[in-house]
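For ligands, and for the atoms within them, numbers begin at 1 and follow the listed sequence.
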Amino acid sequence: MSDMVQTNSQEMITLSHISKKYQTEPALRDISFRVGKGEILGFLGPSGAGKTTTIKILTGQLRQTSGDAYILGRNTKEIDSSIYEQIGIVTDNSGIYENMTVYDNLKYFARILNVDQGRIEELLKRAGLWEHRKKQAGKLSKGQTQRLVLMRSVLHQPQILFLDEPTSGLDPSTAQEIHGLLKEQRDKGMAIFLTTHNMEEAAKLCDRVALLNDGNIVEIGTPREICLKYNTKKHYRILLKNQEEFVLEHSGENIKKIAAYMSDGELEVIHSCEPTLEDVFLAVTGRELR
Ligand SMILES: Nc1ncnc2c1ncn2[C@@H]1O[C@H](COP(=O)(O)OP(=O)(O)OP(=O)(O)O)[C@@H](O)[C@H]1O
């Protein structure tokens, strides 16, 4: 290894002090993080934050200005196209051939990637696409296309999967199906690095998230850790039996009030309200994600 960065066998992705300037404009400013085997890391940030730039550096498509990036223990400055046998990438340009059938698309990639054709049936069935296997790929719905793209990207059982906005524009139930497919791959040991604008998706799907703003990682951790860290002002949402609904801040006086509602049998529902990742992002950066 060419420098002092230590990576271990469980570490699939390591970014160490990466900065990137396009001409003079900084897109990434000294970012560092690691992704382990069997982990989903969500990279969250508004448009222009530097998410795609990070994926391009990690996959060897773009050279950083400074710092080091490793995938599967190999410095990305030294990787060649053989790395694509071990990683999968899903971005906008899905690389699906619209005039070919669903089945033939996978068959074509299976041949290129030297994958047993038996796996095509298994994957199409798993993604609910077996009944559509003879359809032209261009005639699939958006959600079906996204599932096909995903199956194509895991055809060769990569160790790392990179996904740029995997459920963008999909309805909630299709998005949930994609989440299920991704979690299944994660549970088999795949490391998944995904970008999203969608905080709700990140909270549900990701083991850890990194919040990116203007090329800086402003928070990194499990969604729960991050939300609890910013839960400084505790609040309670109260619904009374008379259907009156309101929020009370945590204070000695309000706790007495809540106790009184309880003992008088007036309380219907009480919830503590922790901040969401969206609230945290707004608190840390002063800007909304969308
Ligand atoms: N080839 C390029 N030349 C110059 N500037 C670029 C280039 N590619 C990206 N940038 C700039 O770098 C910054 C980060 O861009 P990047 O595409 O990584 O953001 P992103 O977080 O992926 O955004 P989005 O969510 O819109 O895809 C932006 O300010 C962008 O304008």
Problem - Neighbour count above 12 (heavy atom, 6.0 Å) for Y22 OH - result: yes
Handout entry: Ligand-residue contact atoms, ligand 1 with K51, heavy atoms, under 4.0 Å
Key = 18 (O), 19 (O), 20 (P), 21 (O), 22 (O), 23 (O), 24 (P), 25 (O)
Practice task
Could you establish whether H197 and ligand 1 come within less than 4.0 Å of each other, counting only heavy atoms on the residue side?
Solution key: yes
Practice task
Scan the protein's non-hydrogen atoms and note whether one is under 4.0 Å from atom 30 (C) of ligand 1.
Solution key: no
Handout entry: Geometric N/O contact E165 with ligand 1, under 3.5 angstrom
Key = no
Exercise for the section: Could you establish whether P46 and ligand 1 come within less than 4.0 Å of each other, counting only heavy atoms on the residue side? Expected result: yes
Exercise for the section: May I ask you to check if ligand 1 and S47 share an N or O to N or O distance below 3.5 Å? Expected result: yes
Exercise for the section: Considering heavy atoms of the protein only, find what lies nearest to atom 27 (O) of ligand 1 and give residue, atom and distance to 0.1 Å. Expected result: T52 OG1, 3.6 Å
Problem - For atom 14 (C) of ligand 1, closest protein heavy-atom neighbour - result: G48 O, 3.3 Å
Problem - Nearest-neighbour protein heavy atom for atom 1 (N) of ligand 1, which is reported as residue plus atom name and distance - result: Y22 CE2, 3.7 Å
Handout entry: K37 bridged to E11 by N-O distance under 4.0 Å
Key = no
Practice task
Would you check the N or O atoms of A27, main chain and side chain alike, for any that come under 3.5 Å of an N or O of ligand 1?
Solution key: no
Practice task
Using the six-membered ring wherever Trp is involved, compare the ring planes of W130 and Y103 and label them parallel, tilted or perpendicular (cut-offs 30° and 60°).
Solution key: perpendicular
Problem - Aromatic centroids of F281 and Y230 separated by under 6.0 Å - result: no
Exercise for the section: Could you tell me whether ligand 1 has any atom less than 4.0 Å away from a heavy atom of G45? Expected result: no
Completion exercise
The protein heavy atom nearest to atom 15 (O) of ligand 1 is T53 OG1, 3.8 Å
Exercise for the section: Answer yes or no: is there an ion pair linking D104 with R133, defined by an N-O contact shorter than 4.0 Å? Expected result: no
Handout entry: Smallest separation among heavy atoms of I270 and I238, with atom names
Key = CD1-CD1, 3.7 Å
Exercise for the section: Can you label the angle between the Y97 ring and the F109 ring as parallel, tilted or perpendicular, going by 30° and 60°? Expected result: parallel
Problem - Neighbour count >12 (heavy atoms, 6.0 Å) for atom CD, Q176 - result: no
